[in-house]
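What's counted below: heavy atoms across the whole structure, side chains too, no hydrogens, waters or symmetry copies. Values in this document were obtained by computation on a predicted structure and should not be read as measured data. The sequence lines fix the lettering, A, B, ..., with proteins before strands; numbering per chain opens at 1.
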Amino acid sequence: MAIRLFDSLTRTTRELQPSHADGVFRFYNCGPTVYAPAHIGNFRTFVVNDVLRRLLELEFGANKVKHVRNLTDVDDRTIGQAKKESRPLADITQHWTKLFHEDCTALNLLPPHHEPTATGTIKEQVNMIEVLMEKGHAYRAPDGSVYFKLATFPGYGGLSRIKERELKITNAVADADHKDSVSDFALWKAYKPEEDGAVKWPGPRGAGEGRPGWHIECSAMSKSLLGDTIDLHTGGVDLLFPHHENEIAQSQCCNGTTFARHWYHSEHLLVDGTTMSKSKGNYYTLRDLVAKGYDPMAVRYALLAGHPRKQLNFTLDSLHAAESAIKRIESYAKKLLSYGAITAAEFPDYFKTTDKPKVWGVLGIVWDMLCDDLSTALALGHLHKAINAFQFPTGPSPYRFEIELAELSKVMFMFGLRLSLEEKKSAVAPAEITALAEKRWAAKAAKDFATADALRKEIAAAGWSMLDRKDGYSLEQLKK
RNA sequence: GGUGCGGUAGCCAAGUGGUAAGGCCGAGCUCUGCAAAAGCUCUAUUCGGCGGUUCGAUUCCGCCCCGCACCUCCA
């Protein structure tokens with residue numbers, strides 16, 4: 001089944017297809033600004049894009065997808081943070097890039113094939129600005145900045161459907177210091193010593209020293225790594241305007257051809273029914289949630305539990321629901337392994353080719369649903385439905401469940417969910433907890449249940465849970 | 001004011017012109033000294049409100065109410 005995806009530009013659901021002769025699908029996803037920890041809302045977009053990337057690889061082949069996701073490492077916010085901490089810009093951005101990558105790994109995001117940075121592609125950006133100036137689409141302002149002249153691009157606003165009339169209204173208060181029109185946006189920002197510190201580069205011909213405007217970086221990186229026309233450009237809805245609108249203007253005026261053949265925007269994550277903010281106390285990073293005892297895979301699952309083009313309400317309850325839902329899938333996987341006499345270690349690689357399964361069993365519907373406009377919530381629902389309905393044999397069977405394991409493996413690859421199929425090693429409890437547990441185990445053996453129950457409560461109060469088995473016990477840390 | 005998305009069980013969340021997926025929570029049962037885990041079973045006569053179209057609407061249309069987001073540098 002072909003992958004169909006909603007296109008924000010035409011507002012229709014269209015099939016994704018590579019357009020270049022080499023058959024490589026070119027995919028650009030706007031990445032994070034590295035000045036602070038990425039929050040789970042940021043990761044919703046990256047997780048959704050990761051699922052898309054995985055589907056594309058299955059559909060076109062692993063070596064037939066080129067996925068680029070940039071890092072914005074110079075802009076007002078990164079510079080502002082560096083100034084606030086009195087540290088060089090690169091210190092700040094390298095630090096947050098490292099943490100971003102750690103979170104990406106924890107969330108099982110496939111690394112993009114290229115991860116360009118704004119500061120690493122200054123030359124490409126300057127080149128583009130020069131072309132735009134030569135073609136009359138950009139002009140130098142008195143202070144040495146360069147602005148894109150919106151009036152030279154009649155197609156502006158097609159993506160966000162914003163009209164020039166409205167632009168003017170909303171921009172009445174914007175700084176119009178050096179612009180010909182309030183709607184014009186910066187391609188190059190002139191150096192301001194008091195704000196920019198040591199951050200500056202030689203500018204385009206005819207302009208002063210300074211730094212690139214935000215929008216030009218994506219246009220330049222996309223052009224240099226993927227070419228003038230790409231097959232898909234994605235990001236969060238907030239980027240629709242003005243970022244992507246401006247990218248279209250810059251790229252198409254510079255290159256004279258279609259910039260992106262398909263646009264996709266994922267909706268925002270809400271927390272407790274409203275937008276995340278530090279002042280509301282509902283601002284979560286992956287680290288926050290891991291510190292509370294949640295597994296990053298549960299976070300990933302929770303982020304996929306709603307349709308990507310619909311706002312998703314994230315709560316700790318929904319995270320807990322995700323955790324339990326994953327356990328159900330794991331339970332199904334363990335049963336398949338057990339009935340098929342296959343070890344857990346074999347499972348992740350059980351289906352070794354990078355192609356989608358040639359034969360689908362009960363989970364084929366999951367692939368179909370994902371290919372239908374990335375309906376992750378629907379796909380997860382069908383996954384559970386299929387698992388619940390699956391009939392295991394009542395007695396020993398020579399059947400090894402190879403189709404079932406292969407398709408489960410593939411489906412887990414699509415969602416990017418890693419299952420924990422080995423017995424979990426319980427966290428090592430501190431000595432005082434172990435001592436209490438030993439006392440309780442002894443009391444229980446002596447059938448002194450009153451003491452045993454009192455000790456259980458004491459252990460629970462200290463944040464641990466004692467799980468009895470016939471032959472012994474294990475200790476598990478309770479969630480904070 | 002403009003643009004877009006949405007209001008479905010206690011919570012999260014799919015979906016369709018023909019009578020409501022799935023997960024969580026909860027309840028019951030099995031197992032168990034207790035607890036946990038696991039398994040099984042049950043859980044919306046109803047889809048924000050009011051009209052309309054229709055043999056039939058939660059699904060299409062109109063109006064109203066409510067929520068969320070974006071509107072020059074937030075994924």
Side-chain angles (χ1 to χ4, degrees), chain A residues 8 11 29-33 36 38-49 69 72 75-77 150 157 160-163 165-167 169-171 173-175 179 182-186 189 213-215 217 234-243 245-246 265-270 273-277 301-302 305-307 309-329 331 334-335 365 369 375-388 440 444 447-450 452-453 456-457 459-460 465-470 473-474 476:
Chain A
S8 314
R11 311 184 59 72
N29 172 18
C30 281
T33 301
H39 56 65
I40 54 169
N42 298 124
F43 279 115
R44 180 187 194 195
T45 296
F46 300 135
V47 165
V48 164
N49 275 273
R69 187 185 63 214
T72 297
D75 75 328
D76 289 354
R77 291 178 297 160
L150 217 60
S160 57
R161 306 205 296 172
I162 197 156
K163 298 183 181 74
R165 170 170 49 84
E166 285 136 19
L167 277 172
I169 291 164
T170 56
N171 279 296
V173 292
D175 96 295
K179 302 185 197 178
V182 286
S183 310
D184 293 347
F185 60 89
K189 303 183 99 165
W214 175 38
H215 315 295
E217 71 179 58
T234 66
V237 275
D238 52 300
L239 297 183
L240 221 140
F241 182 85
H243 187 54
E245 205 70 80
N246 292 355
H265 296 90
S266 43
E267 252 298 346
H268 276 181
L269 187 73
L270 304 180
T274 182
T275 180
M276 238 184 295
S277 81
Y301 188 106
H307 188 104
R309 287 194 295 108
K310 200 178 154 186
Q311 289 172 347
L312 176 68
N313 190 19
F314 181 91
T315 63
L316 289 182
D317 277 350
S318 67
L319 189 53
H320 177 249
E323 210 168 38
S324 300
I326 290 174
K327 277 188 189 155
R328 275 182 171 270
I329 301 169
S331 164
K334 284 177 187 172
K335 267 178 106 170
I365 183 81
M369 291 299 106
S375 299
T376 54
L378 191 55
L380 286 170
H382 279 287
L383 171 61
H384 283 284
K385 197 178 182 181
I387 285 174
N388 292 340
R440 183 178 162 274
K444 185 189 164 183
K447 297 204 185 294
D448 178 4
F449 296 127
D453 289 351
R456 174 184 286 291
K457 277 184 188 162
I459 292 165
S465 168
M466 188 163 170
L467 307 176
D468 293 3
R469 293 189 313 273
K470 286 224 159 39
Y473 63 87
S474 58
E476 222 170 69

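- By the salt bridge (charged side-chain N to carboxylate O under 4.0 Å, His left out) test, A/Arg469 pairs with A/Asp471, sequence neighbours left out.
- Heavy atoms of A/Thr72 sit nowhere under 4.0 angstrom from any nucleic acid atom.
- Between A/Pro242 and A/Gly235, it is A/Pro242 whose nearest contact on RNA chain B lies nearer the 5' terminus.
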Under a 4.0 Å heavy-atom criterion, the protein footprint on nucleotides 31-38 of chain B, written with B, S and -, is --BBBS--
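- Every residue meeting the salt bridge (charged side-chain N to carboxylate O under 4.0 Å, His left out) condition with A/Asp76, not counting sequence neighbours, appears here in chain and number order: A/Lys189, A/Arg211.
- Residue A/Gly273 is in sugar-phosphate contact alone, with no base atom involved, counting any heavy-atom pair closer than 4.0 Å across all strands shown.
- Comparing B/rC5, B/rU72, B/rA75 against the side chain of A/Phe241 picks out B/rU72 as the nearest.
- Residues that satisfy the side chain to side chain contact (heavy atoms under 4.5 Å, CB included) test with A/Leu239, not counting sequence neighbours, are A/Cys30, A/Trp214, A/His243, A/His244.
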Expected rows: protein N/O vs nucleotides 57-59 of chain B N/O, under 3.5 Å:
none

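- With sequence neighbours excluded, the residues satisfying salt bridge (charged side-chain N to carboxylate O under 4.0 Å, His left out) with A/Asp468 are A/Arg440, A/Lys444, A/Arg456.
- In this entry the distance linking CD of A/Gln311 with C1' of B/rU8 reads 17 Å, nearest Å.
- Every residue two or more places apart in sequence or in another chain was checked for a side chain to side chain donor-acceptor pair (under 3.5 Å) with A/Arg44, and none qualifies.
- Backbone-only contact: A/Ser160 has heavy atoms under 4.0 Å from sugar-phosphate atoms and none from a base.
- Atoms CG and OG1, from A/Asn313 and A/Thr274 in turn, are 9.5 Å apart once rounded to the nearest 0.5 Å.
- Taking atom NE2 on A/His243 and atom P on B/rC71, their separation rounds to 14 Å, with Å as the unit.
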All N/O pairs under 3.5 Å across the protein-nucleotides 20-24 of chain B interface:
| unit_1 | atom_1 | unit_2 | atom_2 | d |
| --- | --- | --- | --- | --- |
| B/rG23 | OP1 | A/Asn388 | ND2 | 3.0 |
| B/rG23 | O2' | A/Ala321 | O | 3.1 |
| B/rC24 | OP1 | A/Arg328 | NE | 3.2 |

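- For the pair A/Arg44 CZ and B/rC12 C1', the computed distance is 12 Å after rounding to whole Å.
- Evaluation of the side chain to side chain donor-acceptor pair (under 3.5 Å) rule for A/Glu217 yields A/Asn70, A/Thr72 as partners, not counting sequence neighbours.
- In this view, A/Tyr473 and A/Trp441 satisfy the ring pair (Phe, Tyr, Trp, His ring centres under 6.0 Å) rule, not counting sequence neighbours.
- As judged by a 4.0 angstrom heavy-atom cut-off over every strand, A/Leu269 is placed among the base-contacting residues.
- Toward the 5′ end of RNA chain B lies the nearest nucleotide of A/Arg309, the other residue of the pair A/Arg309 and A/Asn313 mapping further downstream.
- Residues passing the ring pair (Phe, Tyr, Trp, His ring centres under 6.0 Å) test with A/Phe185, sequence neighbours excluded: A/Phe148, A/His215.
- RNA chain B forms stems at B:1-7 with B:65-71, B:10-12 with B:22-24, B:26-30 with B:38-42, B:48-52 with B:60-64, each a run of 3 or more consecutive Watson-Crick or G-U wobble pairs whose two key distances fall under 3.5 Å.
- Between the NE2 atom of A/His307 and the P atom of B/rG7 there is a distance of 13 Å, given to the nearest Å.
- Atom NZ of A/Lys310 and atom P of B/rC12 are 11 Å apart (whole Å).
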